[in-house]
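To keep things clear, I will list the structure first and then write my remarks on it.
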Amino acid sequence: MSEVIESLLKNPQLLSALADKVYERLKDEIVIKRLDENSQVIRQLMEEIRSLQQAVKEHSEAIKSLQRTTIALVREQRKLSIAIGSFTGRAGRGLERAMLNLYKKALVLHGADPKKVVHGRVVDTLGVVEKNRIFEVDFYETNDQVYLFEVKNYADEAVIDQVLNRWKVFSSLYTKPVKIFVVANYVEREVKEELEKEGVEVIASQVVD
């Protein structure tokens, strides 16, 4: 063994060539080992990707099912809305009349006579809100002024525009003053305050926050 070592020491080129071979072999072994490790990682990643794809597929099916259910519910809601609309169109005026009678004393105290209230339509012929738009209204007229009523079970923010739009139309069609009443079982406090700022008389059984 010592003779081999001495021979290698005396021949640097041979020693260098041997070292290169050893290096190349070790390098190949390291690369193979790393490739094997990487292959395991890749296989694991592929399994996770397949699992994720399956989860996405299942979620997609669930979403499609939910969409179909939603479409069905929308159709049923439309049918129900049509049915309710048909009913309220017939019964709504009766309910409004009942509420006006319920608050009769309060209305009389404010100078209004609920017995004279009639249901009708007014057309925005001048286009103060929307030209030729038709508004359903409860009102009556005297020699001195026009009394306009908006009857609601629950008066929320939407009532403000409804009342003010009708007031604009009536004011454009009549030279006499228009007095407005909002009659409701419940009215939101902010809505009541806003209406009263506009000069609207608000009659309600309960003010809610």
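- More than 12 heavy atoms of other residues, nucleotides or ligands sit less than 6.0 Å from atom CZ of Arg189.
- Using a 30° and 60° split on the angle between ring planes, His110 and Phe181 fall in the perpendicular class, above 60°.
- Side-chain contact check for Met99 versus Lys152: every heavy-atom pair is 4.5 Å or farther apart.
- Cluster membership for Val122 and Val151, using ILVMFWY side-chain heavy atoms within less than 4.5 angstrom, is not shared.
- In this structure, Leu102 is not a member of the same hydrophobic cluster as Val187, with clusters built from ILVMFWY side-chain heavy atoms closer than 4.5 Å.
- Note that CG of Asp113 is 9.0 Å distant from CG of Leu107, once rounded to the nearest 0.5 Å.
- Residues Val118 and Leu148 are members of one and the same hydrophobic cluster, defined by side-chain heavy-atom contacts under 4.5 angstrom among Ile, Leu, Val, Met, Phe, Trp and Tyr.
- Between the CZ atom of Phe149 and the CZ atom of Phe139 there is a distance of 11.0 Å, given to the nearest 0.5 Å.
- With contacts defined as side-chain heavy-atom distances shorter than 4.5 Å, the pair Val146/Trp167 does not qualify.
- Transitive grouping of hydrophobic side chains (ILVMFWY, heavy atoms separated by less than 4.5 Å) brings Tyr174 and Val169 into a common cluster.
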Evaluate side chain to side chain contact (heavy atoms under 4.5 Å, CB included) for Val202 paired with Glu196, printing each intermediate quantity in order. CA-CA 7 Å; Val202 180; Glu196 289 174 340; 4.1 Å; yes
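- Atom NZ of Lys176 has more than 12 neighbouring heavy atoms from other residues, nucleotides or ligands inside a 6.0 Å radius.
- For Tyr154, the OH atom is densely surrounded, since the number of other residues' heavy atoms within 6.0 Å is greater than 12.
- Under the 4.5 Å side-chain criterion, counting only non-hydrogen atoms from C-beta, Val200 is not in contact with Ile160.
- Annotation: Glu190, atom CD; neighbour count of heavy atoms from other residues, nucleotides and ligands within 6.0 Å does not exceed 12.
- Taking CG from Asp161 and NZ from Lys168, the interatomic distance works out to 8.0 Å, rounded to the nearest 0.5 Å.
- In the hydrophobic clustering of ILVMFWY residues, with side-chain heavy atoms under 4.5 Å counting as a link, Leu173 and Ile134 come out apart.
- A distance of 14.5 Å separates CG of Leu100 from NZ of Lys116, quoted to the nearest 0.5 Å.
- Look at Glu193 and Lys197 and you find no salt bridge, because none of the NZ, NE, NH1 or NH2 atoms lies under 4.0 Å from a carboxylate O.
- Nearest heavy atoms, Pro114 versus Lys104: CG-CG, 3.6 Å.
- The shortest distance between side-chain heavy atoms of Phe170 and Val137 falls below 4.5 Å.
- In this structure, Arg133 contributes its side chain and Gly127 its backbone to no donor-acceptor pair below 3.5 Å.
- Atoms OH and CG, on Tyr103 and Leu109 in that order, are 14.5 Å from each other to the nearest 0.5 Å.
- With rounding to the nearest 0.5 angstrom, the OG atom of Ser171 is 10.0 Å from the CG atom of Leu164.
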